[in-house]
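Labels below follow one simple rule: chain letters A, B, ... track the order of the sequence lines, proteins then strands, and each chain is numbered from 1. None of these values were measured; they are calculated from a predicted model.
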Amino acid sequence: MDSADVAIIGAGPAGLAAAETLAAAGASVVLLDEQQMPGGQIYRGIEAVQALRRQTLSLLGSDYAAGATLAKALRNAPVDYQPGSMVWDVSRDLVIHYSREGRSQGLHARHLLIASGALERPVPIPGWTLPGVMTVGALQILLKSDGLVPRVPLVLAGSGPLLLLLAVQLLKAGAPPAAIVETVPRRAYRSAARHVPRALQGWRSLMKGRRWIRTLTHAGVPWYRGCTNLRVEGADRATGLAFHHAGRTETIAADVIGLHQGVVPNVQLTRLLDCEHVWDASQRCFRPRLDDWLATTVDGVSVAGDGGGIFGAVAAEWQGRLAGLNIAHRLDRLPSAERDRQAAPMRAALARERTVRPLLDTLYQPPPDVLRPADEVVVCRCEEVSAGRIREAVRLGCSGPNQAKSFLRCGMGPCQGRICGLPVAEIIAETRGVDLDDVGYYRIRPPLKPLPLMELAGLAADNDPAQ
Amino acid sequence: MSATTRSARSTLATADVLVIGGGIHGCSVALHCALKGLSVIVVERHTVGRHASGVNAGGVRRLGRAVAEIPLSMAAMEIWHRITDLVDDDCGFRAAPQVKVAETEADLDTLAARAETVRAHGYDHEVPLDRQQLRSLLPAVAPHCIGGLASLGDGFADPYRTTAAFRRAAERHGARIVERCSALGIDRSAGRFRLNTDHGAFDGALLVNCAGAWGGEVAAWLDEPVPIEPIAPMMLVTDRLPRFCDAVVGAAGRPLSFKQMDNGTVVVGGGRRGVVDDQGTGTRLRLPELAKTAATAADIFPIMAGATIVRCWAGIEGRMPDDLPVIGPSGTTPDAVHAFGFSAHGFQLGPIVGAILAEQIVGDRGNLPLDAFDIRRFGSCKTDTA
């Protein structure tokens with residue numbers, strides 16, 4: 001079995017920055033990433049876009065172009081970069097199994113840095129499983145990787161910075177959305193106001209947001225604010241979006257509905273490793289418990305980037321460097337004084353980067369009917385389990401997500417609970433009247449993503465560390 | 001005496017029967033005792049069906065049982081075929097043939113000898129299959145498979161649903177099940193048991209050890225330690241495939257347990273083991289071992305070469321050195337009985353073992369032979385374990 005000082009999972013800003021830091025310290029680094037090119041979701045396709053599609057680069061904006069520096073650093077560093085690698089198991093003794101080019105193999109690492117980022121929060125509203133409904137993130141992936149823009153009537157609905165950013169990008173691409181349907185309640189602006197002074201320290205982010213809002217208003221994109229009771233219309237596929245706005249029910253015809261309610265940490269790997277997790281009430285998600293150096297409660301395992309809590313791409317990069325410094329120290333490649341000296345300005349930058357979060361978290365808190373959908377809404381898409389059946393199971397004694405698996409097969413389909421995990425936990429907590437920390441989360445089992453049986457069958461017995 | 005001790009004593013819960021362990025056996029004995037009008041408290045360290053009872057492969061199998069187990073397995077099978085009458089839930093039970101496949105001439109000889117042994121003991125449920133008969137039961141079996149052995153009246157069920165159904169039935173008949181409650185020790189005085197837990201103490205006239213892989217700890221409290229070994233059989237489940245198999249399938253020459261569920265997914269296990277860790281409460285997979293299970297499945301059913309694995313897991317079971325469970329009265333302590341150490345084949349026996357223990361508790365010996373399961377067969381190991 002191959003081995004390395006450090007395995008990094010994920011080649012987004014956190015993973016790239018950590019790889020650069022660790023390679024500079026002389027550690028042997030394997031960087032595993034599902035995509036074919038570095039950049040993660042935020043800088044997806046950056047090298048190709050920069051080299052071949054300058055027009056897409058300009059409409060994606062300067063924040064996106066910043067990823068090119070990180071990608072270039074990777075190409076110049078002595079890092080064993082293995083794109084197209086799907087990690088499907090990690091054991092607590094840090095044996096990583098991954099699939100690449102149709103074959104699975106094992107890798108033993110002394111340290112593991114998880115930089116697998118965020119997932120879009122699922123938006124389980126009535127009709128969300130109809131064809132034509134997509135996430136805003138998926139729409140942006142089409143734009144980044146293929147330069148594709150839907151040329152059909154499209155509505156963007158929900159809340160969060162990414163919703164507005166994509167609206168601006170579509171507008172620049174000449175395909176403005178038919179409407180933006182925003183779910184931020186009026187009172188959220190009032191409660192968010194108290195976070196503005198602190199957020200001013202991160203003024204660049206605020207200015208960016210203001211610019212987007214001006215651009216969209218100026219272009220006359222219809223923008224419904226304070227909407228509730230969103231419902232996708234259509235029998236076999238989406239034909240429009242209905243919602244309550246200013247005391248009336250509105251319906252907007254559209255072939256594509258882009259839904260978004262922010263992003264949440266992707267905890268599949270940290271859950272698989274049984275790292276301790278905490279419920280983050282302000283971001284309404286679970287995140288792994290991390291120390292000052294971003295180490296989890298499992299020895300040798302660290303998390304950098306949005307996988308440890310949502311702070312965005314710039315923070316992810318600083319976190320990657322910080323975690324990298326500490327791992328280099330633990331590998332005896334960096335004295336602690338030097339580590340601390342290099343870390344100090346990074347910590348300051350990270351703190352600045354975080355100042356805007358309380359404002360965003362308060363403003364873009366997902367509405368209750370998205371967190372805990374109505375009975376008739378399907379929550380587990382793979383096994384078609386509705387919110388009502390989950391509530392009924394709770395009344396029959398189902399006390400947490402793992403029992404829900406056994407009661408309803410909820411979370412046992414091919415998505416491995418990635419999509420339904422949070423709403424299932426929220427619904428159970430609400431029905432039982434207890435905290436999310438008491439309800440917990442799915443035990444995550446390998447493979448993290450579906451794996452061809454013959455790939456498992458092909459694993460050689462001489463790779464077994466237990467023998 | 002401290003205030004806490006006083007308050008614990010004043011709220012001491014009492015029952016005729018105290019059961020340690022909320023798995024299939026604990027819930028079954030609770031139900032059968034409650035049906036006899038006894039009051040029952042079950043304490044379960046985690047949640048009901050959390051370990052082997054909830055995550056096993058769900059085989060309801062008489063095929064291939066140790067000879068000593070056959071009478072119990074036969075009696076259990078009768079209950080399984082009318083399980084709804086007992087627990088008001090079909091437990092996901094489906095009658096299906098259990099088939100053991102022969103891949104070589106040597107396998108065929110092994111199966112023929114087995115069939116002869118079973119017949120010699122007066123049973124006729126295990127029938128040899130030739131090449132043609134095997135294919136009529138398993139149309140998708142690989143060409144190299146040359147025969148088999150079948151028990152036609154067996155089946156499979158949904159293990160968690162079954163355990164939960166026994167739990168609910170027990171509760172309907174008055175049993176009390178206390179989850180997230182760890183048994184810590186037993187005191188015996190004035191002919192009664194005091195079961196100490198992390199949630200206070202319970203008082204009872206009778207004690208039942210259904211603690212599964214941890215049953216050895218309870219036996220040690222009763223001063224009769226046993227050589228039980230925790231094991232972690234591994235399983236995997238695939239995505240949905242077109243229906244190709246209506247039987248539960250094993251192999252004569254290598255470990256395999258294979259079945260296609262109603263929804264088209266295929267569950268594959270068979271006993272290859274992972275590692276028990278976290279002080280005996282967690283499991284770790286050994287993927288190169290599980291790889292052999294995957295390879296066996298694809299060898300015997302070529303259609304599996306196109307399957308995709310959705311999930312792999314392991315459950316914790318208690319294995320005894322002779323692969324037979326411990327069932328019956330304590331050798332040291334009156335009014336205490338055991339049912340643990342089922343060595344990875346206890347699920348099918350659940351419905352009958354609960355009935356047997358309930359009969360023993362009310363003083364009825366019953367007519368099923370239990371000598372082979374007596375805890376005193378390990379008498380020699382009662383050594384320096386204090």
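Neither the backbone nor the side chain of A:Asn402 comes within contact range of chain B; no heavy atom of the residue lies under 4.5 Å from a heavy atom of that chain. Of the two parts of B:Leu285, only the side chain, counted from C-beta on, holds a non-hydrogen atom closer than 4.5 Å to a non-hydrogen atom of chain A. If you measure heavy-atom distances from B:Arg168 to chain A, the contacts under 4.5 Å come from the side chain alone.
With values rounded to the nearest 0.5 angstrom, A:Asp89 atom CG is found 10.5 Å from B:Arg284 atom CZ. Distance check: B:Asn263 CG to A:Glu383 CD gives 6.5 Å after rounding to the nearest 0.5 Å. Atom CG of B:Leu287 and atom OG of A:Ser91 lie 8.0 Å apart (nearest 0.5 Å). We find the CZ-CZ distance between A:Arg443 and B:Arg311 to be 11.5 Å, quoted to the nearest 0.5 Å. With rounding to the nearest 0.5 angstrom, the CG atom of B:Asp158 is 8.5 Å from the CZ atom of A:Arg409. Here the CZ-OG distance, from B:Arg180 to A:Ser399, works out to 4.0 Å after rounding to the nearest 0.5 Å.
Residues B:Asp277 and A:Arg92 are not paired through a salt bridge, judged by the lack of any N-O separation under 4.0 Å between the basic side chain and the carboxylate.
In this structure the side chain of A:Leu453 reaches within 4.5 angstrom of the side chain of B:Leu236, judged on heavy atoms.
Of all residues in residues 303-310 of chain B, those placing a non-hydrogen atom less than 4.5 angstrom from a non-hydrogen atom of chain A are B:Met304, B:Ala305, B:Ala307, B:Thr308, B:Ile309, B:Val310. Residues of residues 248-262 of chain B never come within less than 4.5 angstrom of chain A, heavy atom to heavy atom.
Counting heavy atoms of neighbouring residues, nucleotides and ligands inside a 6.0 Å radius, atom CG of A:Asp299 does not exceed 12 of them. Residue B:Glu229 places its CD atom among more than 12 non-hydrogen atoms of other residues, nucleotides or ligands, all under 6.0 Å distant.
When the candidates A:Pro414, A:Pro446, A:Pro452 are compared by the number of heavy-atom contacts under 4.5 Å with chain B, A:Pro446 comes out ahead. The greatest number of non-hydrogen atom pairs below 4.5 Å with chain B, out of A:Gln403, A:Lys449, A:Met412, A:Glu455, is found for A:Met412. The choice from A:Ser406, A:Ser104, A:Gly397 that makes the most heavy-atom pairs within less than 4.5 Å of chain B is A:Ser406.
Every side-chain hydrogen bond (donor to acceptor under 3.5 Å, both in side chains) that B:Arg161 has, sequence neighbours left out, goes to B:Asp89, B:Asp90. For B:Asp198, the side-chain contact (heavy atoms from CB on, under 4.5 Å) partners at least two apart in sequence or on another chain are B:Cys181, B:Ser182, B:Leu184.
Across every non-hydrogen atom of A:Met454 and B:Ala298, the tightest pair is SD-CB, 3.7 Å.
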